2 protein chains.
Amino acid sequence: MPSKNATIHDVATLSGVSIGTVSAVLNRKGTVSEGTRRRVLDAISELHYRPSAAARRRLQPTTAKSVGLIVKEVNNPYFADVIFGVQDAARELGYHVLVGHTERSYDLEQRLTELLVAKDVDGLIINPLLNEDTDLSHLFEIRWTNVPLVLIESIRGIQANMVDVDNVAAAMEAVDYLVGLGHRRIVHFGGPQYSGHSEERIEGVRRAFIAHRLVMGEDDVVHAGASLEDGYRAALGYFRDREGDRPTAITCYNDLVAIGVLRALRELGLRVPEDVSVVGFDDIDVASYLSVPLTTVRMPRREIGRRATQMLIGSVEAAGKVAPEKVVLETELVVRASTAPPA
Amino acid sequence: MPSKNATIHDVATLSGVSIGTVSAVLNRKGTVSEGTRRRVLDAISELHYRPSAAARRRLQPTTAKSVGLIVKEVNNPYFADVIFGVQDAARELGYHVLVGHTERSYDLEQRLTELLVAKDVDGLIINPLLNEDTDLSHLFEIRWTNVPLVLIESIRGIQANMVDVDNVAAAMEAVDYLVGLGHRRIVHFGGPQYSGHSEERIEGVRRAFIAHRLVMGEDDVVHAGASLEDGYRAALGYFRDREGDRPTAITCYNDLVAIGVLRALRELGLRVPEDVSVVGFDDIDVASYLSVPLTTVRMPRREIGRRATQMLIGSVEAAGKVAPEKVVLETELVVRASTAPPA
DNA sequence: GTGAAAGCGCTAACAA
DNA sequence: TTGTTAGCGCTTTCAC
C-alpha cells in the first residue's frame, strides 16, 4: 500500500530493470522478454502504479481532440437536446465532448471551467449562470489564456462568441397570439433567478402587455422556477385563493413548468384549454405527447448546440484571433391543443 | 498566425526575456516589472500562446479531483437522474464529474474511455453498451492501467465493481401484478438491442409468463426501443392490424416508451386503463405528471449514481487493490392510474 | 527584476 | 533484449 503515488522509477526499481524497459512494456513494444515483462507487470500491480497521463501525453500528441461543454441543469430535456447538438457537430468535426453540469451553483461553474481548462480541452462552450453578483472572472481568465470560448446564453460585458435566440421577441409572440385569441387576463409563470433567458422572457411578456395596452398587475408574473415540481407548486399556490378572479391564459418559462401547471389545473378541476389556456417554452419532445398537446415556443435546441460547436471548432482551428461573433437563431410558436379562445 | 503551437520559449524569444520570466507572469508572481509584463503579455497575445495544461499540471498537483462518467443516451431522463446522483455524491466527496455520452455507438464508448483516461480522471463510472460482438478490451485496458472503475449495468466476464438492480425480478413483479389484476393477455414492448437491462426485463416477463402458465406468443414481445417515438411508432404498428385480438395490458421497457404507447392508444381511441393497462419502467419524474399517471417500476436512479460514486471514490482513495464488489439495489412497483382490472 | 539550471514522469532514439 | 540519455513544456529554486 504505497503512501505516495508510484512513478515509473519505483516500478523500475522494484522489478530491477530500467525505466526504459518499464516504458516499453507499458507501451507494448514487442521488445521485452516474457520474463522481464512478468516482473514488471507484477511490480506495477504491487505498487498499484498508474502511468501519469499528463506526462505521457506530451510526446504522444495522439490525444483525441475534445471540447468541454458546461450547462446548467442535468434534469432538463432542453439541455439534453443542446448537448445532443453539440455532440453531433463535434463528432462530424472529429472532436469528443466532455460535459459538466453546474446545477445552479455559480461556484461549480468556476471550478468546472478551471478543471476543463486544466484537462486541456481544445475549447469550451458555456451556458453561464446569471445573477446580480455574477463574477465573470473565470470567463476572462479563459480569454486571457487563449482558450476558444462560445457562450450559449448572452451575457453583457464580455467579448465572446455567442449563440442565442431573441427571447424577448419570442415571449412577445406568445402573448400576441393569446391576445389574438381574445385573452385579456394573462399570467406568466417565470423561471429561476439565475436564468438570463427567464429575465428576457419576462421582459417580452411585459412589452407585449404594453403593446396591447393591458395592465400588468403585481401578481401577473409568478415566480415559479424551472422544473415540473416548480410549475406544479406555483400553480397550486396561485390558484388556491383565486376562485373568482382567474386568468384565462398562462405563459410559462419552459415546458417543464407548463406540464407542472397542467397537472395542478387538472387536480383543481380546471380544463385546458376550455377554462385556461397554457403556453410553454422550448418544445421539448414530451410536449407533443401529452394528452393535451402543449402549445409552446420552439427553441432550436440542437441547432444551438450545433452552431456553437461549429463556431468553437472554427476558432480552435483558426489558431489565431478571430473576432467574436454573435449568432441569433429563430424561434417558432408551435400551436397545439392547450390553447383556445377564452370561454 | 503561427503554424505550430507556440511554446513558452517562443513567447520568451519574441518578448526578449527568459522562459523563467514568462512563467512568472503566467503565474502572476508579483516579481515582474510592469514593462516586462506588458511585453510578455503582448507576445502571448500575438503568438496566440496557450500554456500547455499537460505540462503545467505535473508540478502543480493542485488539479481538482475528478471522475469520469460514461452513459448511453443524453435524451433519457433516466440517465439524467443517474448523473445527478453521481454529481451529488461526488461533490460531497470533493470530486468533479465529467460526463460523456455514447449515443449507442460502441466505438464512441471505447474512445471516450480512452479520452477520459488520457485526461487523467481519478476513476471511471461506465454504463456499458451491450451487444453480441461487444469487445470489452477498453475495460480490460482500464483495469490493467489501474484506473478505478465501476459499472452501472452488469456485464459478464469482467471483474469489476458494479451497481445494478435485479431487472428480471422487477419485470416479473410487474407482470405478477397485472396477472393479479386479472390480465391474461399481456404484451411487452421491449427495449433496444444494446441494452442489457432490456434483455433482463424481457427475461423477467418470460419467466412470469411461465410461472403463471401463460403462453407467450411470437408477437408478445414487440421490439420497440428506448424513446418516446419508438414507443409511439411500435404501438401504432402493433395495433393497426389487431382490431379484435387486443392485449388487455402492456408492459414497457421504460417510461418513455410507455408514454409513446399512451399517445398511440389515445389516437387509436383506446382508453387507459379501461381498454388497456400500461406499465412503464424507471419512474422518471414526468410519469406522475401525465393526465393518466403511469404505473411503473421505480428504478433507484439517483441512488445508483450515488452508490457507484461512493464505491469508485472509495477505491480511488484506497490507492491499493480492493476486491471488486457488486451492489444490487431495490426496485419498487409504483401503482398509479394507468392500470386496472381488464374490462 | 531577471536569467540559468534542475527536475517533474514519461517516451524515443540509440548504444550496449 | 535491455540500459542510457536527451528531451517534452513547464515551474521553481537560486544566483546575479
Side-chain angles (χ1 to χ4, degrees), chain A residues 2 4-44 47-63 114 117-120 122 144-147 319, chain B residues 2 4-44 47-63 114 117-120 122 144-147 319:
Chain A
K4 198 73 188 143
N5 276 332
T7 75
I8 199 172
H9 276 102
D10 302 322
V11 175
T13 307
L14 181 61
S15 50
V17 300
S18 75
I19 61 165
T21 306
V22 176
S23 176
V25 357
L26 247 26
N27 295 287
R28 293 182 189 49
K29 314 277 183 204
T31 70
V32 185
S33 75
E34 193 46 32
T36 323
R37 207 179 98 86
R38 281 242 58 82
R39 279 184 298 137
V40 171
L41 255 20
D42 287 348
I44 286 178
L47 292 170
H48 204 249
Y49 164 70
R50 270 184 70 177
S52 153
R56 302 189 81 155
R57 191 145 11 133
R58 199 161 344 88
L59 277 302
Q60 200 166 276
T62 321
T63 317
E114 286 165 16
V117 171
K119 294 292 186 203
D120 241 354
D122 296 293
W144 190 87
T145 198
N146 288 323
V147 177
Chain B
K4 197 74 187 143
N5 275 334
T7 76
I8 199 171
H9 275 102
D10 302 324
V11 176
T13 306
L14 181 62
S15 51
V17 300
S18 75
I19 62 165
T21 304
V22 176
S23 176
V25 356
L26 247 25
N27 295 287
R28 295 180 187 51
K29 313 278 183 208
T31 70
V32 185
S33 73
E34 193 47 31
T36 322
R37 207 178 98 84
R38 281 243 59 82
R39 277 185 299 138
V40 171
L41 255 21
D42 287 348
I44 286 177
L47 293 169
H48 204 248
Y49 164 71
R50 268 183 72 178
S52 153
R56 302 189 81 153
R57 190 145 11 131
R58 199 160 343 87
L59 278 302
Q60 200 165 276
T62 323
T63 318
E114 286 165 16
V117 171
K119 295 291 186 202
D120 241 352
D122 296 295
W144 191 87
T145 199
N146 287 322
V147 177

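Fair warning: this is a prediction, and the values are worked out from it, not measured in the lab.
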Strictly distance-based, threshold 3.5 Å: is any side-chain N or O of [X] a donor or acceptor partner for the main-chain N or O of [Y]?
X         : Y         : result
Thr13(A)  : His9(A)   : yes
Asn146(B) : Tyr49(A)  : yes
Lys119(A) : Asp120(B) : yes

**Item:** Nearest heavy atoms of Val11(A) and Ser15(A), plus distance in Å
**Value:** O-OG, 2.6 Å

**Message:** Both Val22(B) and Ile19(A) contact DNA chain D. Taking the nearest nucleotide for each, which residue is further toward the 5' end?
**Reply:** Ile19(A)

Would you say a side-chain N or O of [X] is under 4.0 Å from OP1 or OP2 of [N]?
X        : N       : result
Lys29(B) : dT12(D) : yes
Ser18(B) : dT2(C)  : no
Ser52(A) : dC8(C)  : no

Atom [atom1] of [X] to atom [atom2] of [N]: distance rounded to whole Å?
X        : N       : atom1 : atom2 : value
Arg39(A) : dT1(D)  : CZ    : P     : 14 Å
His9(B)  : dC10(D) : NE2   : P     : 9 Å
Asn27(A) : dG9(C)  : CG    : C1'   : 13 Å
Glu34(A) : dT2(D)  : CD    : C1'   : 15 Å
Leu26(B) : dC10(D) : CG    : C1'   : 9 Å
Asp10(B) : dC10(D) : CG    : C1'   : 13 Å

Nearest of [options] to any side-chain atom of [X]?
X        : options                 : value
Val32(B) : dG9(C), dA12(C), dT2(C) : dT2(C)
Ile8(B)  : dG9(D), dT2(D), dG3(D)  : dG9(D)
Thr21(B) : dT2(D), dT2(C), dG9(D)  : dT2(C)
Val17(A) : dC10(C), dG3(D), dT1(D) : dG3(D)

**Prompt:** What does Thr7(B) touch in the nucleic acid at a heavy-atom separation under 4.0 angstrom: a base, only the sugar-phosphate, or nothing?
**Reply:** sugar-phosphate

**Prompt:** Which is true for Ser23(B) with a 4.0 Å heavy-atom rule: it touches a base, it touches only sugar-phosphate, or it touches nothing?
**Reply:** base

**Fill in**
Only one of Ile8(A), Val40(A), Thr21(A), Ile19(A) passes side-chain contact (heavy atoms from CB on, under 4.5 Å) with Leu26(A), and that residue is Ile8(A)

